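Treat the numbers as computed from the prediction; the structure is a model and nothing was measured. In what follows, chains are A, B, ... by sequence order, proteins preceding strands, each numbered from 1.
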Amino acid sequence: MARKVDGRPAATPDVLKRPYDPSGVEQRWYRVWEEAGFMSPAPNDGQEPFVISMPPPNLTGALHYGHAVIVTYEDIMIRWRRMQGRPTLWLPGTDHAAIGTNTVLMNQLAQQGRTRDDLGRDGFEQLFWDWIGKSGGTIRTQIRRLGASCDWTRERFTMDEGLSRAVNEAFVRLHEKGLIYKGSYLVNWDPQDQTAVSALEVEHETVVGSLWYVRYPLADGGHIVVATTRPETILGDTAIAVHPEDERYSNLLNGQAVVPVVDRRIPFITDPAVDREFGSGAVKVTPGHDPNDYQMGMRHDLDMINILNEDGTLNENAGRFAGLDRFDARNEMVKWLQDRDLIENIVDHEHSVGHAERSGSIIEPMLSEQWFVKTKPLAAAAANAVRDGRIRFYPERFADEFLRWMDNIHDWCISRQIWVGHRLPVWYCRSCGETIVSAEAPASCGECGGDLEQDPDVLDTWFSSGLWPFSTLGWPDDTDDMRRFYPTTVMQTGYDIIFFWVARMVMLGIELTGEVPFRHVYLSGLMRREDGSKVSKSDPRPGDDPEEVLERFGADALRYMIATAGTPGSDMKLVWQKLEASRNFMNKLWNAARFTVEAQAARSLEPAPPTDVDRWILGRLDRTVAETTARLESFNFGEAGRGIQDFIWNDFCDWFIESSKIRLHGDEPAAAARAAATLADVLSTSLRLLHPYMPFLTEEIWSHLLGAVSGLESDHIIVAPWPQDKGRGSHPAVEEISALAEAVRAIRNARREANVEPGKWIEAVIRPGPRADILEAESDFVKRLARVDPLRLAGSDEAPPKNAVAIVAGGMEIYLPLEGMVDLEAERDRLLGQTRELEAEVVRAGESLSNEKFLSRAPADVVQKRRDRREQAAGELAAIRERLDSL
RNA sequence: GGGCAAGUAGCUCAGCCGGUUAGAGCGCCACGUUGACAUCGUGGAGGUCACAGGUUCGAUUCCUGUCUUGCCCACCA
């Protein structure tokens, strides 16, 4: 027989060693599941499938907590639905992340002192594919490590052959319908990555800069003052605008101003967009480098001058400043103006500056020829799908956010001047200049037969991710998977990409497939650091890497912490103590399992009928089953998880296991067999409830149970049936035993107050009132758990013992005759204190019960409840007063 | 500038489609080697549910306003 460290014999089999150690266990079970094919959908039996497209992690490096959050919630849903018997498909994959990956690769090259031009496009693409292989492998391993029960046989990558075909097809179809167009517009230009980005990829940051008041000479002499935050853009000015009703400047309208440095003569225009109160009331107009001015330029047909090169230096239009970097140019310009006394004033000014999400560099609005998606018609259809309930959001407030964005949408710039991503399916004829948009590469120009050249640009990464729910199922082909699994059921992702991704999927899904891509959108919060700061790629800190947590606590602990960390849609913090609490819970369950397995030795006999204690725990179990199922239905994963723990720890371990020891160690084999059977029953059901949260631990325990218990529903818990509520929660024993537990608690409390040694057995006398039967049947429950013996039931006409501590609890009067230990004074004080509390209670209840309006307006059950409460309090009060009198 | 969320025990957070003595984990205090578990057990202390009004028989929960914090959206030079 195995020995414990302290020398006591251990009756538990060696396989259930304590404490629970997740390392090894987790990887082992994952392999078993994968090899058995449990994670692929069951064959088509006509049942409605439950489908989730896993948000594809970016291949920009390793896993982060965002992925852990996604895996946790989605795996909970998938495992739960699988256990319910639904055919489930959870389709995993990865995303090439275009600019994100581009940044990673460019940084790697920079560290070697190289640029992408050293490699050339082919060489750079080779580098990309090498990286994809490496990063993809890491990510796949980590997703497995988290326990994601997804279908790896259907894994996809946004740039694999099928998905690339889908991208081309989507582009061509949208282009044919006029929903994709090319044009020269003011775009957000990232001078560092040297590419256009979409408005969503620009992050605005409020900074305190300067507002320069600049004197522009007038052609007819004199000057006009204009305020600007970007003096270098003076070089691109093509007008000066004032408000039409601004009389201060009405006399200047026919004249011209002279742009400093370049000496260009520019007209005055009037436009109601000008704010008379701001600055001098006159504004310089730079249509080539400011969105506002661009609009104004369009309205007034102004010249549009581009003063920047793609790398952010100034071009030949900048005169003497050509070749300078944009920031140097600003300083030089100010100096130049100051030298000529053309700066009237400089004031601090708070304004917002756009930065590129990836590179962090300041965005320059710049004229550029790009490809765009015409979003208005797509957005209208998407908004309708949400308004009419075809798509539902959880929490609901995100639907409003979604709609607001859709209603104010701008066209989407989808071309990027980088080398990572899907090349535009666009070719130009070298001879005649013809543009050809085609899903397949054409051999030659259809017009003149000339040679073709493919457009060098690639697509925004979100264009391909926008197709994800259907491109992964085989679209544009009419595949079995597409027919069976589309539309998908739930889309769950972080709320931070609702516009980037969710919105695009809805727009493109409806347009290209005619159906919404998913029915439910569950948006989860972000995982923050313990101090509340955001985990960021640009500023990594120790603790940001989930790998550490997996090492120390295992995937189950991390998952449970994430699932129970908060409420839907709200951010959560990575709190170390919560991970410890998860681990402790796992250990608690593990030990309960050891106990249960050990107890099965008693199951050789035909079990006795269930006792009220059995009925109580089975009733509590059924209530937990019902609650958990309802909470999962409504996406309340945190509440569900906490409820399961509450049941396992507080009901099962603290009360049922403790009380089962009476029967297990007693001398009635049939009773012991019943206790063992109930233990196994409750444990196996609890494990199934918990499995979606802690797949590894529950599978491990299940495997040990298999050897000890018969009648388990399945060889593997992952495919075991989800528990059913058998309605035992309404059995009277549920309340009866709860009352006994309340009595036990009260006795323990009284013992403590009377300074009775915890281990000491003391006598108790109970006047059971209406609980005589249950107390008779389960007196051992009270005896053992309250450590009282002998326990004597007194008739209602019998006088209570004199020198005793008196307690009223669970509808019973309990007396603990503690000879020589009862301090009469202290006892009287204690009882007086209780009297006061009860009196207050009676008064409170009495006030509302004597209130006519309460009686007439409050619902009947509320009134009844209050009556009951008053009655109970009054009863207890009477008993205590009687006791006081006798002292 | 507009919008959203949050403000509940020392800390991290639940709860509240109005009605219980407002809960959990951690922390704290006291006690405990009772054969599942010290990653534990038992008992306890600790909250004017941000503030001010209003609706109601009754408000932590609903409404209005204020303050604080966080986030999103927005072309004010």
A.B. asks: Less than 4.5 Å apart, any side-chain heavy atom of A:Leu816 and any of A:Ile807?
C.D. replies: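 Yes, close enough: below the 4.5 Å cut-off.
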
A.B. asks: Rounded off to whole Å, could you give me the CG-to-C1' distance for the A:Asp496 and B:C72 pair?
C.D. replies: 11 Å

A.B. asks: Could you tell me how far apart A:Met561 (CE) and B:U39 (P) are, to the nearest whole angstrom?
C.D. replies: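 That distance rounds to 22 Å.
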
A.B. asks: Can you check whether A:Leu574 reaches A:Glu530 side chain to side chain, under 4.5 Å on heavy atoms?
C.D. replies: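 When only atoms from C-beta onward are counted, A:Glu530 and A:Leu574 do not touch, as no gap falls below 4.5 Å.
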
A.B. asks: Suppose you measure atom C1' in B:A50 against the same atom in B:G44; what distance do you get, rounded to whole Å?
C.D. replies: 29 Å

A.B. asks: Measure from CG on A:Leu679 to P on B:A36 and round the result to the nearest Å.
C.D. replies: 11 Å

A.B. asks: Mind checking A:Lys284 for me? I need base, sugar-phosphate or nothing, with any heavy atom below 4.0 Å counting as a touch.
C.D. replies: nothing

A.B. asks: Using a 4.0 Å heavy-atom cut-off, does A:Pro365 contact any base of the nucleic acid, only the sugar-phosphate backbone, or nothing at all?
C.D. replies: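 No contact.
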
A.B. asks: Under 4.0 angstrom, heavy atoms only, what part of the nucleic acid is A:Arg784 near: base, sugar-phosphate, or nothing?
C.D. replies: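 The answer is nothing, as A:Arg784 stays clear of every strand by at least 4.0 Å.
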
A.B. asks: Could you tell me whether A:Ala858 contacts a base, only the sugar-phosphate backbone, or nothing, with contacts defined as non-hydrogen atoms closer than 4.0 Å?
C.D. replies: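 The answer is base, as A:Ala858 lies within the cut-off (heavy atoms under 4.0 Å) of a base atom.
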
A.B. asks: Using the side chain to side chain donor-acceptor pair (under 3.5 Å) rule, take A:Thr564 and A:Lys578 through it: C-alpha gap first, then chi angles, then the decisive distance, then the call.
C.D. replies: CA-CA 9 Å; A:Thr564 58; A:Lys578 279 193 180 166; over 6 Å; no

A.B. asks: Let me know, please, whether A:Phe499 or A:Val744 comes out on the 5' side of the other along RNA chain B by nearest nucleotide.
C.D. replies: A:Val744

A.B. asks: Rounded off to whole Å, could you give me the CD-to-C1' distance for the A:Glu639 and B:A24 pair?
C.D. replies: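 For the pair A:Glu639 CD and B:A24 C1', the rounded distance is 12 Å.
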
A.B. asks: Provide the distance between the two C1' atoms, one in B:A22 and one in B:G47, to the nearest whole Å.
C.D. replies: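 B:A22 and B:G47 have their C1' atoms separated by 9 Å.
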
A.B. asks: Whole-Å distance between B:C71 P and A:Ile497 CD1?
C.D. replies: 19 Å

A.B. asks: For B:G27 versus B:U68, give the span between their C1' atoms, rounded off to a whole number of Å.
C.D. replies: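 Going atom to atom, C1' in each nucleotide, I get 26 Å.
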
A.B. asks: Please work out if A:Thr567 contacts a base, only the sugar-phosphate, or nothing of the nucleic acid, heavy-atom cut-off 4.0 Å.
C.D. replies: sugar-phosphate

A.B. asks: Determine the contact category for A:Arg583: base if any of its heavy atoms lies under 4.0 Å from a base atom, sugar-phosphate if only primed atoms, P, OP1 or OP2 are that close, otherwise nothing.
C.D. replies: base

A.B. asks: NA contact type, A:Ser848, heavy-atom cut-off 4.0 Å: base, sugar-phosphate, or nothing?
C.D. replies: nothing

A.B. asks: Any base atoms under 4.0 Å from A:Arg751, or only sugar-phosphate, or nothing? Heavy atoms, all strands.
C.D. replies: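 Result for A:Arg751 = nothing.
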
A.B. asks: Please tell me if A:Lys578 has a side-chain N or O lying less than 4.0 Å from either OP1 or OP2 of B:C11.
C.D. replies: no

A.B. asks: Please answer whether B:G35 and A:His665 are stacked, defined here as ring centres separated by less than 5.5 Å and planes angled under 30°.
C.D. replies: yes

A.B. asks: Just to be sure I follow the notation: if a pair is Watson-Crick (purine N1 to pyrimidine N3 plus N6-O4 or O6-N4) or a G-U wobble (N1-O2 and O6-N3), each under 3.5 Å, what dot-bracket string does RNA chain B give, with | for pairs to another strand?
C.D. replies: (((((((..((((.....[...)))).(((((.......))))).....(((((..]....))))))))))))....

A.B. asks: Heavy atoms, side chains only, cut-off 4.5 Å: are A:Asp271 and A:His243 in contact?
C.D. replies: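 A:Asp271 vs A:His243: side chains apart.
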
A.B. asks: Distance check needed: B:C4 P versus A:Glu401 CD, whole Å only.
C.D. replies: 10 Å

A.B. asks: Would you please indicate yes or no on a ring centroid separation below 6.0 angstrom for A:Phe553 and A:Trp576?
C.D. replies: yes

A.B. asks: Do A:Phe402 and A:Phe393 have ring centroids that are under 6.0 Å from one another?
C.D. replies: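 Distance test on ring centres: under 6.0 Å, yes.
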
A.B. asks: What nucleic acid atoms does A:Trp576 come within less than 4.0 Å of, heavy atoms only: base, sugar-phosphate, or nothing?
C.D. replies: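 It contacts nothing in the nucleic acid.
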
A.B. asks: Classify the nucleic acid contact of A:Arg230 as base, sugar-phosphate or nothing, counting any heavy atom under 4.0 Å across all strands shown.
C.D. replies: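 Result for A:Arg230 = nothing.
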
A.B. asks: What's the gap between B:A38 and B:C31 when it is taken at their C1' atoms, as a whole Å value?
C.D. replies: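 Those two atoms are separated by 14 Å.
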
A.B. asks: For B:C40, take OP1 and OP2 only and decide whether either is under 4.0 Å from a side-chain N or O of A:Asn584.
C.D. replies: yes

A.B. asks: So, does A:Lys661 get its side chain near the phosphate of B:G35, meaning an N or O under 4.0 Å from OP1 or OP2?
C.D. replies: no

A.B. asks: Side-chain N or O of A:Arg642 less than 4.0 angstrom from OP1 or OP2 on B:G15?
C.D. replies: no

A.B. asks: Identify whether any heavy atom of A:His204 sits under 4.0 Å from a base atom; if not, whether one sits that close to sugar-phosphate; answer base, sugar-phosphate or nothing.
C.D. replies: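 Here A:His204 touches no strand at all.
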
A.B. asks: Classify A:Asp400 by what it touches in the nucleic acid, base, sugar-phosphate, or nothing, heavy-atom distance under 4.0 Å.
C.D. replies: nothing

A.B. asks: What does nucleotides 5-10 of chain B look like as a protein-contact string, B for base, S for sugar-phosphate only, - for none, at under 4.0 angstrom between heavy atoms?
C.D. replies: S-----

A.B. asks: Provide the distance between the two P atoms, one in B:U8 and one in B:G70, to the nearest whole Å.
C.D. replies: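 Those two atoms are separated by 15 Å.
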
A.B. asks: If I take atom OG from residue A:Ser660 and atom CZ from residue A:Arg784, how far apart are they, to the nearest 0.5 angstrom?
C.D. replies: 8.5 Å

A.B. asks: So what does A:Pro19 hit on the nucleic acid, given a heavy-atom distance under 4.0 Å: a base, only sugar-phosphate, or nothing?
C.D. replies: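 Base, at least one base atom sits under 4.0 Å.
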
A.B. asks: Look at all strands and tell whether A:Ala599 reaches a base, only sugar-phosphate, or nothing, counting heavy atoms closer than 4.0 Å.
C.D. replies: nothing

A.B. asks: Does a side-chain N or O from A:Arg752 land closer than 4.0 Å to OP1 or OP2 of B:G32, or not?
C.D. replies: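 Answer no for this pair, as no side-chain N or O of A:Arg752 is under 4.0 Å from OP1 or OP2.
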
A.B. asks: Assign each of A:Val283 and A:Arg528 to its nearest nucleotide of RNA chain B by heavy atoms, then name whichever residue's nucleotide is nearer the 5' end.
C.D. replies: A:Arg528

